[in-house]
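Start at 1 with the first residue, then count along the sequence.
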Amino acid sequence: MVLVISPENDKRLAYIRMEGNFLGSFIGLVVFFIPLPMAVILCLGISLTIITGLLLKLLASLRTAVAATVIVLFQEKSEHSWEVALQRVACVVVGCIIGFIITVAFTRLEKMAKKK
């Protein structure tokens, strides 16, 4: 999942999206282990993501954070598997890293092109 790339190669936007992805995937993984029905866990996870984002003053990251929470929590199988949630967290983190590297690389290439 590469939700970090910005069309304008804006590093600040990439940081905002990374913050949201990390926040949402972490909260999603934490609430995943609560033994409640999936609908309740989704509501709880989204609520905790919004509250935590507000407390940490990550307002710009909230939309991305909620999306990451839902991605981690949503289960396609009827079986509640922690391995799937952990794999999704790993995918979010790897996607953030790849997206950030791409954003930084294109920003540097753009700066080099302007110097010439």
Side-chain angles (χ1 to χ4, degrees):
M1 170 190 317
V2 183
L3 293 175
V4 179
I5 297 174
S6 73
E8 303 85 23
N9 292 326
D10 181 8
K11 281 200 282 189
R12 180 66 193 137
L13 184 58
Y15 284 124
I16 288 170
R17 290 182 179 164
M18 280 179 51
E19 289 170 346
N21 279 319
F22 287 130
L23 174 66
S25 62
F26 176 75
I27 290 176
L29 188 61
V30 169
V31 300
F32 180 82
F33 294 104
I34 298 172
L36 294 171
M38 185 54 66
V40 175
I41 292 175
L42 275 169
C43 291
L44 180 64
I46 291 169
S47 299
L48 285 175
T49 300
I50 292 170
I51 291 167
T52 305
L54 291 173
L55 291 174
L56 295 175
K57 299 185 189 320
L58 300 175
L59 300 178
S61 304
L62 281 179
R63 184 174 49 193
T64 305
V66 170
T69 302
V70 171
I71 288 168
V72 169
L73 290 176
F74 187 73
Q75 294 288 316
E76 294 157 3
K77 298 186 234 175
S78 60
E79 178 182 324
H80 196 68
S81 171
W82 65 270
E83 294 166 337
V84 173
L86 198 55
Q87 288 172 354
R88 289 181 180 177
V89 169
C91 288
V92 167
V93 171
V94 169
C96 286
I97 292 167
I98 291 169
F100 182 71
I101 290 170
I102 291 170
T103 301
V104 169
F106 276 99
T107 302
R108 288 190 181 169
L109 286 173
E110 188 177 306
K111 285 181 182 178
M112 288 176 25
K114 286 181 181 180
K115 286 182 181 179
K116 292 183 181 184

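Counting heavy-atom neighbours within 6.0 Å of Phe26 CZ, excluding the residue itself, gives a total of 12 or less.
Closest approach of Thr49 and Gly24 over heavy atoms only: CG2-CA, 4.4 Å. The shortest non-hydrogen separation linking Leu58 to Glu19 is CD2-OE1, 3.4 Å. Here the closest heavy-atom approach between residue Ala68 and residue Ser25 is recorded as CB-N, 3.8 Å. Nearest heavy-atom pair, Leu54 versus Leu59, reported as atom, atom and distance to 0.1 Å: CD2-CD2, 3.1 Å.
Each of Ile16 and Leu55 belongs to its own hydrophobic cluster when Ile, Leu, Val, Met, Phe, Trp and Tyr are linked at side-chain heavy-atom distances under 4.5 angstrom. No single ILVMFWY cluster, assembled from side-chain heavy atoms under 4.5 Å apart, contains both Leu36 and Ile51.
Separation of atoms CG (Leu29) and CG (Leu73) is listed at 9.0 Å; rounding is to 0.5 Å.
Val31 has its side chain within reach of Ile34: a pair of non-hydrogen atoms, C-beta onward, lies under 4.5 Å apart. Between Phe32 and Ile41, every side-chain heavy-atom pair lies at or beyond the 4.5 Å cut-off.
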Between Val72 and Ile27, is the side chain to side chain contact (heavy atoms under 4.5 Å, CB included) condition met? List the steps. CA-CA 9 Å; Val72 169; Ile27 290 176; over 6 Å; no

May I have the step-by-step check of side chain to side chain contact (heavy atoms under 4.5 Å, CB included) for Thr69 and Val66, ending in yes or no? CA-CA 5 Å; Thr69 302; Val66 170; 5.5 Å; no

